[in-house]
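None of these values were measured; they are calculated from a predicted model.
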Amino acid sequence: MRSMLFVPGDSQKKLEKSLQSGADALIIDLEDSVAPASKEAARRVASAFLAGQSRSAGPVFYVRVNDFTTGLTDDDLAAVVTARPAGIMLPKAASGQDVTRLSVKLRVHEAEAGLDDGAIRVIPLITETAAGLLAAGTYDASLPRLAGVTWGAEDLSADVGARTARDASGRFTDVFRLARAMTILAAAKAQTIAIDTVFTNFRDMEGLRTECLEAERDGFSGKLAIHPAQVPVINEAFTPSAEAIEQAEAIASAFAGAGDIGVVGIGGKMYDRPHLKRAERLLARAKAASATR
């Protein structure tokens, strides 16, 4: 998934409009963008919207539920699982144990709804609290529902008491650079994808483009979006170029034709097994991007 667009779960108009955004995934939000008094209405709107969508084409649908500390998570799941979302985004995840806890709840709801066990995937926000950030290493490949990990800066800034997450030039400060790096490392350990956090200034497309390109360079596979206008920029940045695909195909082909060796030569340049692994990952991303067009 290159782009995941947040959409308020209590706005039928915005939900309908989001279908034209071009986002690979829509995150129907029951958490931050919904006022406390509107939570129940948001569940009804979100469930009805999900139930009316085709799964044969278009974006995949995730639902961001309220975190476990609110006491609202169970009601959120009861309302939306029957409408068959592709996945749940879990905010303020404290550790991999929270994914296990959510998985147990989902298993019950899936059984009651007649869905296959494990049909609904999970993407946790793993850095929204200091405790969550320090537990980033607890996510691993033994969590079968894990579809990716992502991070957030705004809730983390509130938790640690930072006035802002960025410096005067717009760059993340040290604590938030650490959160970003830990997300990449946690994803690699868990053998899943890393999804970069939101860029909150939705009018600054150049700033967004720069941040996307840096994220793609560093190992992120996609980025969260808060406005439909951000989606084309994100999709372009996280879609491998024709030149990159050609080079990756050449590396993969050279290794395939050379047998069980550690190094191949292409055009006077040597490539080893780490190059092959990077090439295979890029080709997998290119295939996924092509499938969403």
**OP:** Could you walk me through whether Asp117 and Arg145 pass the salt bridge (Lys or Arg N to Asp or Glu O under 4.0 Å) test, one step at a time?
**Re:** CA-CA 10 Å; Asp117 183 31; Arg145 291 184 189 266; 3.7 Å; yes
Original post:
What pairs with Asp98 under side chain to side chain donor-acceptor pair (under 3.5 Å), at least two apart in sequence or on another chain?
Top reply: none
Original post:
Would a 4.5 Å heavy-atom cut-off, applied to side chains only, mark Gln53 and Leu19 as touching?
Top reply: yes
Subject >> Test item: Leu115 and Val81 side chains (from C-beta on) under 4.5 Å apart, heavy atoms >> reply: yes
Subject >> Contacts of type side-chain contact (heavy atoms from CB on, under 4.5 Å), residue Lys14, not counting sequence neighbours >> reply: Val7, Pro8, Ser11
Original post:
Taking C-beta and beyond as the side chain, do Lys39 and Leu30 meet within less than 4.5 Å on heavy atoms?
Top reply: no
Original post:
Got a salt bridge between Asp167 and Arg177, using NZ or NE/NH1/NH2 to carboxylate O under 4.0 Å?
Top reply: no
Original post:
Which of these passes side-chain contact (heavy atoms from CB on, under 4.5 Å) with Val149: Val99, Ile184, Ile126?
Top reply: Ile126
**OP:** Indicate yes or no: does Glu211 engage Lys223 in a salt bridge with an N to O separation below 4.0 Å.
**Re:** yes
Subject >> Taking every non-hydrogen atom, the tightest pair across Phe202 and Met205 >> reply: O-CE, 3.1 Å
Subject >> N-O pairing of Glu206 and Arg209 below 4.0 Å >> reply: yes
**OP:** Please lay out, stage by stage, how Ile193 and Ile195 fare under the test side chain to side chain contact (heavy atoms under 4.5 Å, CB included).
**Re:** CA-CA 6 Å; Ile193 63 171; Ile195 302 162; 4.1 Å; yes
Original post:
Between Asp196 and Trp151, is a side chain to side chain contact (heavy atoms under 4.5 Å, CB included) present by the stated rule, with each step listed?
Top reply: CA-CA 7 Å; Asp196 197 20; Trp151 72 288; 2.9 Å; yes
Original post:
Does the pair Leu283 and Ile245 meet the rule for a side chain to side chain contact (heavy atoms under 4.5 Å, CB included), with working shown?
Top reply: CA-CA 6 Å; Leu283 291 173; Ile245 293 171; 4.0 Å; yes
**OP:** Report yes if some heavy atom in the side chain of Phe6 is under 4.5 Å from a heavy atom in the side chain of Met89; otherwise report no.
**Re:** yes
Original post:
Are Leu50 and Leu106 co-members of a hydrophobic cluster defined by side-chain heavy atoms under 4.5 Å apart?
Top reply: yes
Subject >> Minimum side-chain heavy-atom gap Ser157-Phe176 below 4.5 Å >> reply: yes
**OP:** Decide, yes or no, whether a salt bridge links Arg180 with Asp218 under the criterion of side-chain N to carboxylate O below 4.0 Å.
**Re:** yes
Original post:
Is there a side chain to side chain donor-acceptor pair (under 3.5 Å) between Asn235 and Ser3 once you walk through the steps?
Top reply: CA-CA 6 Å; Asn235 283 348; Ser3 53; 2.6 Å; yes
Subject >> Geometric cation-pi criterion, Arg166 with Phe172: 6.0 Å, 45° >> reply: yes
Subject >> Worked check of side chain to side chain contact (heavy atoms under 4.5 Å, CB included) between Met4 and Ile27 >> reply: CA-CA 6 Å; Met4 301 187 75; Ile27 309 169; 3.6 Å; yes
Original post:
Tell me, do Leu5 and Pro228 make a side-chain contact under 4.5 Å, heavy atoms counted?
Top reply: yes
**OP:** Taking the side chain as every heavy atom from C-beta outward, state whether Ile123 and Arg64 have any atom pair closer than 4.5 Å.
**Re:** no
Original post:
Do NZ/NE/NH1/NH2 and the carboxylate oxygens of Glu280 and Arg273 come within less than 4.0 Å?
Top reply: no
**OP:** Ignoring hydrogens and angles, state whether a donor on the side chain of Arg2 or Thr239 is under 3.5 Å from an acceptor on the partner side chain.
**Re:** yes
Original post:
Ion pair present between Glu216 and Arg285, side-chain N to carboxylate O less than 4.0 angstrom?
Top reply: yes
Original post:
Hey, is Glu110 close enough to Arg107 for a salt bridge, meaning N to O under 4.0 Å?
Top reply: no
Original post:
Do Leu125 and Asp67 come close enough that some side-chain heavy atom pair is under 4.5 Å?
Top reply: no
Original post:
Should the pair Arg171-Glu214 be classified as a salt bridge under the 4.0 Å nitrogen-to-oxygen rule?
Top reply: yes
Original post:
Between Glu243 and Gln247, is a side chain to side chain donor-acceptor pair (under 3.5 Å) present by the stated rule, with each step listed?
Top reply: CA-CA 6 Å; Glu243 180 181 6; Gln247 183 183 39; over 6 Å; no
